[in-house]
Amino acid sequence: MTTQDARLFDLGYRRYDGPRDHPWRAIVTLAGFTARRVLGLGRGARHKVLPAITLAIAFLPALTSVLFSVLTEDILVDDLISYGEYTFIIGSALALFAALVAPEALCPDRRSGMLGLYLAGPLDRTRYLVAKGVAVFGVMLLITVGPLLFMLIAFVLAGFGPSGVETAELLLQILAVGITTALLYTALSMAVSSFTTRRAAAAIGVVLVIFVPASIVRAAIESAGAPNELDLLSSPLVVAELAYRIFGETQEGNDPVTQLSTWLVAGGVGAAILAGALVCWLRYRRLEAFR
Amino acid sequence: MASPAVPEPSSPAVISARGVVKRYGRTVALAGLDAIIGPGITGLLGSNGAGKTTFISLALGLRSRDAGELSVLGRDPETAGIDVRARIGYAPEHHDLPAELAATDFVRHLAEMHLLPRRAAVQRANDALWLVGLGEERFRPVGSMSTGQRQRVKLASAIVHDPELVLLDEPTDGLDPMQRTEMLALIRRIGTEFGMHIVVSSHHLEEVERICDAVVIVEGGEVVHAGTLAELRQGPEGLVIEVDERAGELASVLTAHGFDVTVDGNRLVLGAADDAYDAVRDAVADLGVGLRRLLPRGRTLEDVYLGAGG
């Protein structure tokens, strides 16, 4: 090699005249960064424990169902967990996961001042919330779609599942239920998390907002004779009922929500999603991000 | 308090504010602020609560003003916020950064947030951290770093995307004298070597005097002085002499040589004259008095600031 062939590769800090991404890219970057942090990826082991446990709880019924069906040849279809009842069964895991994900996604940014740093870049409050919403929603999909999809694939491969067009139809139903459920829990948990900078307080708040109205409403209907429509305030029960109906199944028992029309149930879920998103947006619109 | 004349810049303004008003409820944070910040390094000087941080937040378009006109890099940050902010680097006053993130990951993340492609963001995060003296420490979690190191991380994150304008809010806050000197040298270097316009918010006069080309002094939400350091320091011509003793005798000798002399204790102020330095040297030598200080007559930034009521 002659001296003429020598090249200097590391020039140190210098002006940048390379390409720059579109401003929307900031949303994707922040969403990906948030999702990784929420799941504990690239962080210490202690940050991975709770997401892993919650995911395991959510997948456990699906795993058990698949294992039983594969290992026990004479199992009846009715003995397996149905797709429709899955959302109801893992209701607690969903609430726990939502209580874990949204506070981790939103609270530290306000507590540490990162929100101000983000908003000092090519993001505004709406785009910031979109990025956070995409992250929380994406992570929630792991638990709302993941187990159902796992069951579908496992049953199809084991010869217990549907075939042909029915498989595609079931896949669409799974996506519809998963997306709706994830949207609901995303909106509710983000709304609650927008009120505090403390993750623990937000997590408790999310659990309370999900479960307390359901208990109060059910007591009001059963004891005080309140109308069945009041059950629409019980978000986890309503979305579980919607899941039953999307899969064409009927919930056992005689819960008030089962007496309502499908349009009303779907409207109740939609209204809860919109209300959560609106509360969160209004909170962030007025929030002092700069200090 | 007299309203200062806002100097008309010889080159296009980086930040231009006319009658900017910002209120928080009944509290007036900015009361009709007028300022033109030109290219180079500008100090935004003022006591705590003077309105510096509010002004920075308005320049970033993070708050809306109640009245007045504001232009940053030629655009109104309130309406063109995202476009303007993409061209700005900002380091906040607070030191709370994500504790468990490595410095390089933090700076890279903010580079990507400022729309640099991933590969360029990784490269430039390393380069920026080397530039601020944290090359060897770049894989350390930010939470384990000292205040001085965190200030450097913030500086690296403010310049990583090669902004046209860098806003630094109290960049030497919490630093010891040695670290402060290094940080100031670093800011000066970034402003001169890489051609970024820098606005440094500070309440330390001496810091601003050391590194800035121009100063905007804010008090009570108004600009009370603004201009280049040379302009602000301009005062009457002549010399200031400080001697150990016999100031009266020295004054008599100089007056006998036709100089206009005023005596104040051991301090003499000499009117402007071509051969003043030679005359002082000869007079001091003839009398055998100790000369403590001999400097051109003028104003320090402290004189300007205190005169402004700071």
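Reminder, nothing fancy here: chain letters follow the sequence lines and each chain counts from 1.
- No more than 12 heavy atoms of other residues, nucleotides or ligands sit less than 6.0 Å from atom CZ of B:R23.
- Between B:H114 and A:P122, the shortest heavy-atom distance links the atoms CD2-CD, 3.7 Å.
- Contacts of A:P108 with chain B are absent, with no heavy-atom separation under 4.5 Å from either backbone or side chain.
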Report the C-alpha separation of A:L30 and B:E112 in whole Å, then their side-chain angles, then the decisive distance to 0.1 Å, and conclude whether the side chain to side chain contact (heavy atoms under 4.5 Å, CB included) test is met.
CA-CA 9 Å; A:L30 182 57; B:E112 286 187 273; over 6 Å; no
Output, in order, the C-alpha distance, side-chain angles, deciding distance and verdict of side chain to side chain contact (heavy atoms under 4.5 Å, CB included) for B:F106 and A:M114.
CA-CA 11 Å; B:F106 174 74; A:M114 274 301 284; 3.5 Å; yes
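- By the 4.5 Å heavy-atom criterion applied to side chains, A:L117 and B:L97 are counted as neighbours.
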Where do B:I82 and A:D124 land on the side chain to side chain contact (heavy atoms under 4.5 Å, CB included) test, with the steps shown first?
CA-CA 7 Å; B:I82 287 176; A:D124 56 22; 3.8 Å; yes
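- Seen from the ring of B:F194, A:R14 does not count as a face-on cation partner, given the 6.0 Å and 45° thresholds.
- Of the listed residues (B:N126, B:L101, B:D83), the greatest number of heavy-atom pairs within a distance under 4.5 Å of chain A belongs to B:L101.
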Apply the test side chain to side chain contact (heavy atoms under 4.5 Å, CB included) to residues B:D105 and A:F33: give CA-CA distance (whole Å), side-chain angles for both, the deciding distance (0.1 Å), then the verdict.
CA-CA 11 Å; B:D105 290 335; A:F33 180 78; over 6 Å; no
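- Residues B:L62 and A:G116 approach most closely at CD1-O, 4.2 Å, considering heavy atoms.
- For A:R20 (side chain) and B:H161 (main-chain N/O), a donor-acceptor pair under 3.5 Å exists by modelled atom type.
- In this structure, the portions of B:L116 lying under 4.5 Å from any heavy atom of chain A include both its backbone and its side chain.
- Of the atoms belonging to B:L110, it is side-chain heavy atoms, and not backbone ones, that fall under 4.5 Å from chain A.
- Neither the backbone nor the side chain of A:I27 has a heavy atom closer than 4.5 Å to any heavy atom of chain B.
- Environment of CD in B:E193: crowded, with over 12 heavy atoms of neighbouring residues, nucleotides or ligands closer than 6.0 Å.
- Rounding to the nearest 0.5 Å gives a distance of 7.5 Å between CG of B:L115 and OG1 of A:T29.
- Dense packing is recorded around CZ of A:R43, with more than 12 heavy atoms of other residues, nucleotides or ligands lying under 6.0 Å away.
- Relative orientation of the B:H109 and A:Y118 rings is perpendicular, given thresholds of 30° and 60° on the angle between their planes.
- No donor-acceptor distance shorter than 3.5 angstrom exists from the side chain of B:R124 to the backbone of A:Y13, with no hydrogens or angles considered.
- Atom CZ of A:R15 sits in a crowded spot, with more than 12 heavy atoms from other residues, nucleotides or ligands closer than 6.0 Å.
- With respect to A:R46 and B:E100, no salt bridge is recorded, no charged nitrogen being found less than 4.0 Å from a carboxylate O.
- The distance from the CZ atom of B:R63 to the CG atom of A:L119 is 11.5 Å, given to the nearest 0.5 Å.
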